Amino acid sequence: MNGLAAIYVPTAGIVDYNQVCRVFQKKIHGDLLLNTKVERVQEEKDSVHIETSSRSFHAKFLINCGGLYSDRVARRSGVDVDLKIVPFRGEYYKLKPEKERLVNNLIYPVPNPNFPFLGVHFTRMIGGGVKVGPNAVLGLKREGYNKTDFSIIDTAEVLTYPGFWKLAVRYWKDGIAEMVRSFSKKAFVRSLQQLLPEIGEEDLEPAPAGVRAQALKPDGTMVDDFHLIQGKNSIHVCNAPSPAATASIEIGKEIVSRISEVVKTKSLSRIS
């Protein structure tokens, strides 16, 4: 079945995430360490001690935005984490240049209310070109951007988590459909044709995949909203669904306001 109607939202848009990160980097007053693993976090009375694979730090407060590893960092801080991050790979194609004229805006399907995913859609990029996708398939590695990526530790962690099996039993048909779209370009195109019937297999080229850090509860519920966990001297962002990147500045303001509340509460307790 093809699309029958649509809602036009002229204010819908995207941001250049790479450029946003570069601007954030310029505004950081301190060091930016890449390819660095957090190995141990110890929260003390009024500070946090952080040990990484390259050096150690002492700070008054920790903000954990670890994405795919946010739950692990939170647990190493001694925080009670009521969920687990399960990686879902989102695979993309891009339209060939001669077909880009068909897409002038962002085109989304009606979302499936059972899942916090946007569904396969068309995205006109800021720098030019049109990306189509993604699907959502279970990743066998937290940073599994390719179909062949595999981690015994990451896979075992998912397969031994009760929440994953409860999700799988509940939505096995949807899971199989996503896997079919992963290995069948024809099936992927059929999803696109519901929005744009003119698209054919020959109009698509492979594009890099992404990995979604999806928070999953023990009862199999996929967390579909922002999930912040408070520690003694820390805040852990353990779920940040779309539009987290686009709304990152507003999310940052919310985190800062929560830090202010923690500091204020501690100050009042000392006075009393």
Side-chain angles (χ1 to χ4, degrees), residues 3 6-28 63-71 73-74 83-95 103-137 139 142-143 145 174 178 181 191-192 194-196 207-217 221-229 235-259:
I7 299 174
Y8 176 53
V9 184
T11 55
I14 62 171
V15 296
D16 185 334
Y17 307 140
N18 291 328
Q19 184 62 28
V20 169
C21 288
R22 283 192 287 269
V23 172
F24 285 165
Q25 180 182 350
K26 291 178 181 178
K27 292 183 175 295
I28 292 174
I63 302 174
N64 166 23
C65 298
L68 287 160
Y69 300 97
S70 58
D71 59 333
V73 173
L83 49 78
K84 187 176 290 293
I85 297 297
V86 176
F88 282 88
R89 187 174 63 256
E91 296 160 333
Y92 288 89
Y93 287 94
K94 61 180 179 179
L95 287 185
V103 181
N104 296 315
N105 295 287
L106 310 179
I107 305 176
Y108 291 88
V110 176
N112 184 339
N114 293 325
F115 303 107
F117 302 124
L118 297 176
V120 174
H121 56 275
F122 294 83
T123 305
R124 192 162 190 89
M125 306 303 290
I126 290 175
V130 177
K131 287 177 66 176
V132 296
N135 56 0
V137 294
R142 289 212 179 190
E143 293 184 78
Y145 294 93
D174 298 277
E178 293 291 342
R181 280 197 293 198
S191 298
L192 297 173
Q194 294 180 22
L195 301 175
L196 204 60
V211 179
R212 179 190 180 108
Q214 177 61 52
L216 186 64
K217 293 277 192 175
T221 302
M222 301 179 86
V223 183
D224 61 357
D225 201 355
F226 299 100
H227 193 83
L228 278 64
I229 300 175
I235 286 180
H236 305 268
V237 184
C238 288
N239 199 57
S242 180
T246 309
S248 56
I249 294 175
E250 291 304 312
I251 297 169
K253 291 178 181 178
E254 173 63 23
I255 291 172
V256 169
S257 70
R258 295 197 182 195
I259 294 173

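Computed from a predicted model, the values in this text were never measured in an experiment. The figures that follow rest on heavy atoms only: side chains count, while hydrogens, waters and symmetry mates do not.
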Stepwise, does the side-chain hydrogen bond (donor to acceptor under 3.5 Å, both in side chains) test hold for Arg22 with Gln19?
CA-CA 5 Å; Arg22 283 192 287 269; Gln19 184 62 28; 3.0 Å; yes
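Shown here for Leu195 and His121, the closest heavy-atom pair between the two residues is CD1-CA, 4.4 Å. Minimum interatomic distance between Tyr92 and Pro208 (heavy atoms only, all atoms of both residues): CD1-O, 3.6 Å. The two residues Arg181 and Asn135 come nearest to each other via the heavy atoms C-ND2, 4.0 Å. Minimum heavy-atom separation, Gly67 to Ile85: O-CG1, 4.1 Å. What you find for Cys238 and Ala215 is that their closest heavy atoms are O-CB, 3.6 Å.
Considering only residues two or more places apart in sequence or on other chains, Glu250 meets the side chain to side chain donor-acceptor pair (under 3.5 Å) condition with Lys253. Residues satisfying the side chain to side chain donor-acceptor pair (under 3.5 Å) test with Thr221, not counting sequence neighbours, are Asp219. Residues meeting the salt bridge (Lys or Arg N to Asp or Glu O under 4.0 Å) test with Glu91, sequence neighbours left out: Arg89, Lys147. Not counting sequence neighbours, the partners of Tyr69 by the side chain to side chain donor-acceptor pair (under 3.5 Å) test are Glu143. Considering only residues two or more places apart in sequence or on other chains, Val110 meets the side-chain contact (heavy atoms from CB on, under 4.5 Å) condition with none of them.
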N/O donor-acceptor pairs under 3.5 Å from side chains in residues 123-134, not counting sequence neighbours:
from: Arg124; atom 1: NH1; to: Glu100; atom 2: O; distance (Å): 3.1
from: Arg124; atom 1: NH1; to: Val103; atom 2: O; distance (Å): 2.6

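The neighbour count for Ile249 CD1, taken as heavy atoms of other residues, nucleotides or ligands under 6.0 Å away, does not exceed 12. Counting heavy atoms of neighbouring residues, nucleotides and ligands inside a 6.0 Å radius, atom NZ of Lys84 exceeds 12 of them.
Leu83 CG to Asp71 CG: the interatomic distance, rounded to the nearest 0.5 Å, is 7.0 Å. For the atom pair CD1 (Ile251) and CZ (Phe226), the distance works out to 3.5 Å, reported to the nearest 0.5 Å. Distance check: Asn239 CG to Asp225 CG gives 8.0 Å after rounding to the nearest 0.5 Å. Interatomic distance, Ile255 CD1 to Ser257 OG, rounded to the nearest 0.5 Å: 9.0 Å. To the nearest 0.5 Å, atom CG of residue Leu196 and atom CG of residue Leu95 are 8.0 Å apart. Separating the OH atom in Tyr17 from the OG1 atom in Thr246 is a distance of 4.0 Å, to the nearest 0.5 Å.
Checking side-chain atoms of Glu178 against main-chain N and O of Ala136 turns up a donor-acceptor pair under 3.5 Å. Side-chain atoms of Gln214 come within 3.5 Å of backbone atoms of Val223 as a donor-acceptor pair (strictly under, hydrogens ignored).
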